[in-house]
Amino acid sequence: MFNIAEVIVDVPAMQTNKPFDYEIPMALATVVQPGMRVLVGFGKGDRTLQGFVINLKTLAKAPTGLKAIKDVVDLEPILSPELLDLSSWLAQTTYAFQITCLQTILPGVMRGDYEKIAYLVTPDAPEAAALFHDKKALTVDNQLTNAQLTTLVRLKNSGAVRFEYQVHNKARIKTRQAVILNKTAAQYTQQAATLPKKLQRQKALLQYLATQTAKTKVIFTKTLQADFSASVLKTAEKHDLITIEAVEVKRRVLPAQTEIQAKQVLLPDQAKAVAAIDAASTAEKQQVFLLEGVTGSGKTEVYLQTMANVLTHQRTALMLVPEIALTPQMVQRVYQRFGDQVAVLHSGLSEGEKYDEWRRIKAGEAKVVVGARSAVFAPLENIGLIIMDEEHESSYKQEDTPRYHARDVAIHRAAYYHCPVVLGSATPSLESRARAQKGVYQLLRLPKRVNQAPLPEVHIVDMRENIQQNRNLDFSRSLADAITLRLAKKEQSVLMLNRRGFSSFVMCRDCGYVVKCPNCDISLTLHVSSHSLKCHYCGHEEPIPKTCPNCQSRKIRYFGTGTEKIEQELQHMYPEAKIIRMDVDTTRRKGAYERLLKQFGQGDADILLGTQMIAKGLDFPNVTLVGVINADTALGLPDFRASERTFQLLTQVAGRAGRGDKKGEVFVQTYNPDHYAIQLAKRHDYEHFFATEMNIRHQGNYPPYYFTVQISCSHPEENQAAKAAYQMLKRLQPALSAKAIVLGPTPRAIARIKNRYYYQIIVKYKSEPKLAPLLADILQTTQRSFSKQLYIAIDREPLQFM
DNA sequence: AGCACGCCGACT
DNA sequence: GTCGGCGTGCTC
């Protein structure tokens, strides 16, 4: 029998990032298992913490001073051995704490909720009355002032107050009282017949129950209450005819009743792809496929059919979709094929709803999981296929710790289950496409559109001419004419404003002064609706100045282009047009995104104006015009992926036009009409773009030819951040071979965020076996030797280079 | 993270 | 002299 449990405690710090041994008390000896949460005392104050049991072991003589597990939180493991394993793999590969990884893998409600309570032991102690008033206990949190806190400490030291730590489990299982029918219809009928006449209500109840047994064995008390009072039910329970108990109800967000839809007939290319994937999943072969298919080539149908095949082999399927593409339309299609076996995980669900879906998956009730990035951790077992749609999407990479890429996690999990992974995209990331080239992934191509419709015609509009014509507007004549035509024909238009690295800010026309955030080194963004300036990094907000703070000139006004400004301009040009604006401001509220899309889909508006978020997934037959107002704001950014992003965005947005039987047209306004990313997007020529871009990456020694890792140092004082970065460089250099390329240290493009300065080093390398252990060591030691103010963050394969 | 221990400055 | 400032180190 095991007597010791290895526990990862809920303290995210380098020094505690290791298992701690705890004795398993006799009473819990048969209960405690790896993958469970437990409560343990930790540290000098012996505060109670939640921890995860990651291993059990036996020590003949336990070292003295071992604390014992106080209690278990779960009665059975909430993490399978596979997911437990995944947490340590994640911690190692992303340089994150294991506790952070464990919490990332699980739904948010499973995180411990801590409370520190002060109990008054000697009620007549001086100072106590002022703090406790008439109460015996007091929660200690940051509501208390510093003075109150010091008083509490004094009271504690004198023994008048005792601290207690409590851990609350936020994971509430919702229950409702229900009547359980534990007799057959015949028994109820018979029982009803034998009842004396005066028991009218009992008789009626039993007769009613007899009619229900065929349908269900559980009826919520609430639904019965309309016809039968609580006392009637109580009597029936006393006679052992029913039992009344709280049954678990899972909050389910089901779409409107949908009928199961049959498979579609496949084109030859689709059939070939399905056959290849089916063969791999049936053979339980670990193989990564790259499914490269133009918009409208029926990738989704390939996903659905291959998932169906996996289900027939009693295995499960996981489908990842970018958050932004997780539209009701998309989810509906999966429901229509798999019905109730589907679980959906996305950010629109409440914490409780997420927990319920998680439990449905864990219990094996859901065999197909559809979700965004974090759904890659779905507690599925026996996975037979993992699909990642729009695999090039940068939202698959988590920006904060653990800085994982869902693609890597998917492939890691697939290796465990010996199952294939399908990466799908019309514009694969260079990394994936290059791996397909090398034969690491198997390339499957869908070059034809299902409806045989031609891809929309793309017009490149040279905005430099617009300037020469002195049209000081964001709309070129050709795009404006195209919109006019659509309005006349009662067709819809989608206009996209590329906001990457771009926003409207306030600048003085006389002295050039730009209003900046006092905490961060970036200009504030103008928000017309709230008449204020906001910082997009820290949330700082201030009123729009009437005069320039620098030179007192009154000529201080906005500069640049925001959706709000474009909307005003559009409304001015087309007073009769109905416009829907979609950006972070109008879609912040829950369900707003869906509501706006629905309105547009119903034809309630003529023009949909939005940012990148409208480039994906939406599929409306009446849209025949797509306009990109500024195609190349991203091209100017100092990021080697700028061309790739521009190409992907333009290709994707172009796919929004002409989804129905009407022909679509696309206008791309740009100041770089000859740029290859724009020219090749016009021709819908991914393969040519891939070849061109690979060449450039090769010359610049960039991914996918090189691996990259970014090490950033931040500190409230700029010279300290810089100093740390240079020390980092000194430690890195001896461990690296001559082939590695080190960039920096350099201040970040936005050097200061939330009053912290950032310096970064980027290492480009092909094979550096000493690098990973060194980075792990750097994290260990920096926490000790530097001041507490210093943060070191390591990001493998960062997507954001600035 | 949070707590204790420990070593220095301005108060009863 | 001591109360309390925060710098350092440890938590099974």
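Residue numbering restarts at 1 for every chain, and letters A, B, ... go by the order of the sequence lines.
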S.K.: Select base, sugar-phosphate, or nothing to describe what A:Pro63 touches, counting heavy atoms under 4.0 Å on all strands.
M.R.: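 Counting heavy atoms under 4.0 Å across all strands, no contact is made by A:Pro63.
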S.K.: Could you list the residues that satisfy salt bridge (charged side-chain N to carboxylate O under 4.0 Å, His left out) with A:Glu6, not counting sequence neighbours?
M.R.: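 Partners of A:Glu6 by the salt bridge (charged side-chain N to carboxylate O under 4.0 Å, His left out) criterion, ordered by chain and then number, come out as A:Lys57.
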S.K.: Does A:Asp795 have any salt bridge (charged side-chain N to carboxylate O under 4.0 Å, His left out) partners at least two apart in sequence or in another chain, and if so, which?
M.R.: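 Scan of A:Asp795 (salt bridge (charged side-chain N to carboxylate O under 4.0 Å, His left out), adjacent residues dropped) gives A:Lys397.
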S.K.: Under the rule for ring-ring contact (aromatic ring centres under 6.0 Å, His included), what residues qualify as partners of A:Tyr22, not counting sequence neighbours?
M.R.: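 So A:Tyr22 forms no ring-ring contact (aromatic ring centres under 6.0 Å, His included) with any residue.
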S.K.: Go through the structure and list residues passing salt bridge (charged side-chain N to carboxylate O under 4.0 Å, His left out) with A:Glu381, not counting sequence neighbours.
M.R.: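 Counting only residues at least two positions away or on another chain, A:Glu381 forms no salt bridge (charged side-chain N to carboxylate O under 4.0 Å, His left out).
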S.K.: Of the listed nucleotides (B:dA1, B:dC3, C:dT11), which one gets closest to any side-chain atom of A:Ala13?
M.R.: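 The answer is B:dA1.
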S.K.: Among residues 19-39 of chain A, which ones have heavy-atom contacts with DNA chain C below 4.0 Å?
M.R.: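 A:Phe20, A:Asp21, A:Tyr22 - these, ordered by number, are the residues of the stretch whose heavy atoms sit under 4.0 Å from the strand.
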S.K.: Only one of A:Asp10, A:Asp141, A:Thr48 passes side chain to side chain donor-acceptor pair (under 3.5 Å) with A:Tyr114; say which it is.
M.R.: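 The side chain to side chain donor-acceptor pair (under 3.5 Å) with A:Tyr114 is passed solely by A:Asp10 among A:Asp10, A:Asp141, A:Thr48.
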S.K.: Applying ring-ring contact (aromatic ring centres under 6.0 Å, His included), can you list everything that pairs with A:Tyr396, at least two apart in sequence or on another chain?
M.R.: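 ring-ring contact (aromatic ring centres under 6.0 Å, His included) check on A:Tyr396 returns nothing, list empty.
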S.K.: Show me the pairs that pass salt bridge (charged side-chain N to carboxylate O under 4.0 Å, His left out) and involve residues 84-107 of chain A, at least two apart or across chains.
M.R.: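 Passing the test, one end in residues 84-107 of chain A: no pairs.
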S.K.: Under the salt bridge (charged side-chain N to carboxylate O under 4.0 Å, His left out) rule, what pairs show up with a residue in residues 64-79 of chain A, not counting sequence neighbours?
M.R.: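 Those involving residues 64-79 of chain A are A:Arg37-A:Asp74, A:Asp46-A:Lys67, A:Asp46-A:Lys70.
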S.K.: Quick one: salt bridge (charged side-chain N to carboxylate O under 4.0 Å, His left out) partners of A:Glu717, sequence neighbours excluded?
M.R.: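 Salt bridge (charged side-chain N to carboxylate O under 4.0 Å, His left out) check on A:Glu717 returns nothing, list empty.
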S.K.: Could you pull out the protein-nucleic contacts involving nucleotides 1-5 of chain C (nitrogen or oxygen on both sides, under 3.5 Å)?
M.R.:
{"residue": "C:dG4", "atom": "OP1", "partner": "A:Arg154", "partner atom": "NH1", "Å": "2.9"}

S.K.: Is there any protein nitrogen or oxygen under 3.5 Å from a nitrogen or oxygen in nucleotides 4-10 of chain B, and what are the pairs?
M.R.:
{"residue": "B:dA4", "atom": "OP1", "partner": "A:Lys156", "partner atom": "NZ", "Å": "3.1"}

S.K.: State which residues pass ring-ring contact (aromatic ring centres under 6.0 Å, His included) with A:Phe132; sequence neighbours excluded, sorted by chain then number.
M.R.: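 A:Phe132 satisfies ring-ring contact (aromatic ring centres under 6.0 Å, His included) with no residue once adjacent residues are dropped.
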